[in-house]
Novice: 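Below: one structure in structure tokens.
Below, all heavy atoms of this structure are taken into account, side chains as well, without hydrogens, waters or symmetry copies.
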Amino acid sequence: MAEGANYALYEKIYLVCEHIPPGMVATYGDIATIVGGGCDARTVGFALNEMPPEQAHLPWQRIINRQGGISTRGLAQRQLLEAEGVAFDAHDRVIMARYHWAGPSAEWAAAHGFNTLPPRDEGDRAEQLSLF
DNA sequence: CAGATGACTCCCA
DNA sequence: CTGGGAGCCATCT
């Protein structure tokens with residue numbers, strides 16, 4: 001079902017980004033998983049990198065890398081997150097155990113043709129918390 | 001016109 | 001443990 005190009009992925013990515021609740025964060029991989037359709041973490045990065053001014057209202061700052069760290073170099077992404085109440089640990093990483101977005105609701109995802117995030121191990125959270 | 005690059009992540013040797 | 005490659009789109013030189 002190719003409607004031309006996968007450029008439509010960008011729109012989906014932006015849409016998902018807009019649905020990240022304030023004070024929460026998501027990873028590039030998560031967004032890619034939710035969007036699906038051959039969307040990779042890198043595609044998300046490209047979409048945000050090429051984000052046009054009219055999409056500047058998107059909470060792009062809530063998109064971080066898999067390590068909970070900030071990939072943007074030079075941008076004050078960390079400050080934006082802290083302004084939303086997102087705390088960082090001593091390793092300059094977001095406390096994923098507390099702020100990691102669980103993904104959109106199953107209803108919303110289904111309504112827009114998106115996927116939901118797979119369940120995560122609690123062991124990860126415990127490990128993250130212990131770092132704190 | 002064509003090659004390189006950028007806000008990533010996973011897997012294998 | 002360390003290193004490198006693959007997968008995607010648009011823009012720049």
Novice: Using whole Å, what does the distance between atom C1' of nucleotide dG7(C) and atom CG of Leu9(A) come to?
Specialist: 12 Å
Novice: Between dC1(C) and dC8(B), how many Å separate the two P atoms, rounded to a whole number?
Specialist: 23 Å
Novice: Is the backbone N or O of Ala47(A) less than 3.5 Å from a side-chain atom of Tyr14(A), with the two atoms forming a donor-acceptor pair by type?
Specialist: yes
Novice: Would you say that more than 12 heavy atoms from the other residues, nucleotides or ligands in this model lie under 6.0 Å from the CD of Glu11(A), or not?
Specialist: no
Novice: Please measure how far the P atom in dT11(C) lies from the corresponding atom in dT9(B), and state the result in whole Å.
Specialist: 23 Å
Novice: Mind checking the CG-CG spacing from Leu75(A) to Leu80(A)? Nearest 0.5 Å is all I need.
Specialist: 9.0 Å
Novice: Using modelled atom types only, decide if a donor and an acceptor are shared between the side chain of Asp40(A) and the backbone of Arg42(A) within a distance under 3.5 Å.
Specialist: no
Novice: To the nearest 0.5 angstrom, please state how far the CE atom of Met96(A) sits from the CE atom of Met24(A).
Specialist: 10.0 Å
Novice: Taking side chain as C-beta onward, heavy atoms only, is His100(A) less than 4.5 Å from Asp30(A)?
Specialist: yes
Novice: In whole Å, measure the gap between the P atoms of dC10(B) and dA10(C) for me.
Specialist: 24 Å
Novice: Can you pull out the residues from residues 55-65 of chain A that lie within a 4.0 Å heavy-atom distance of DNA chain C?
Specialist: none
Novice: Taking the P atom in each of dG3(B) and dA6(C), what is the distance between them to the nearest angstrom?
Specialist: 16 Å
Novice: Any chance you could measure Gln55(A), atom CD, to Tyr10(A), atom OH, to the nearest 0.5 Å?
Specialist: 12.5 Å
Novice: For the P atoms, the ones on dG5(C) and on dA4(B), what distance do you get once it is rounded to whole angstrom?
Specialist: 13 Å
Novice: Of all nucleotides in DNA chain B with an atom under 4.0 Å from a non-hydrogen atom of chain A, which is the first and which the last going 5' to 3'?
Specialist: dG6(B) to dC10(B)
Novice: Is the number of heavy atoms from other residues, nucleotides or ligands under 6.0 Å of Glu54(A) CD greater than 12?
Specialist: yes
Novice: Do Leu117(A) and Trp101(A) have side-chain heavy atoms sitting under 4.5 Å apart?
Specialist: no
Novice: Identify, between Phe46(A) and Thr27(A), the residue whose nearest nucleotide on DNA chain B lies closer to the 5' end.
Specialist: Phe46(A)
Novice: Can you tell me the distance, in whole Å, between the CD1 atom of Ile13(A) and the C1' atom of dG7(C)?
Specialist: 13 Å
Novice: If you measure from the P atom in dT5(B) to the same atom in dG4(C), how many Å do you get, rounded?
Specialist: 15 Å
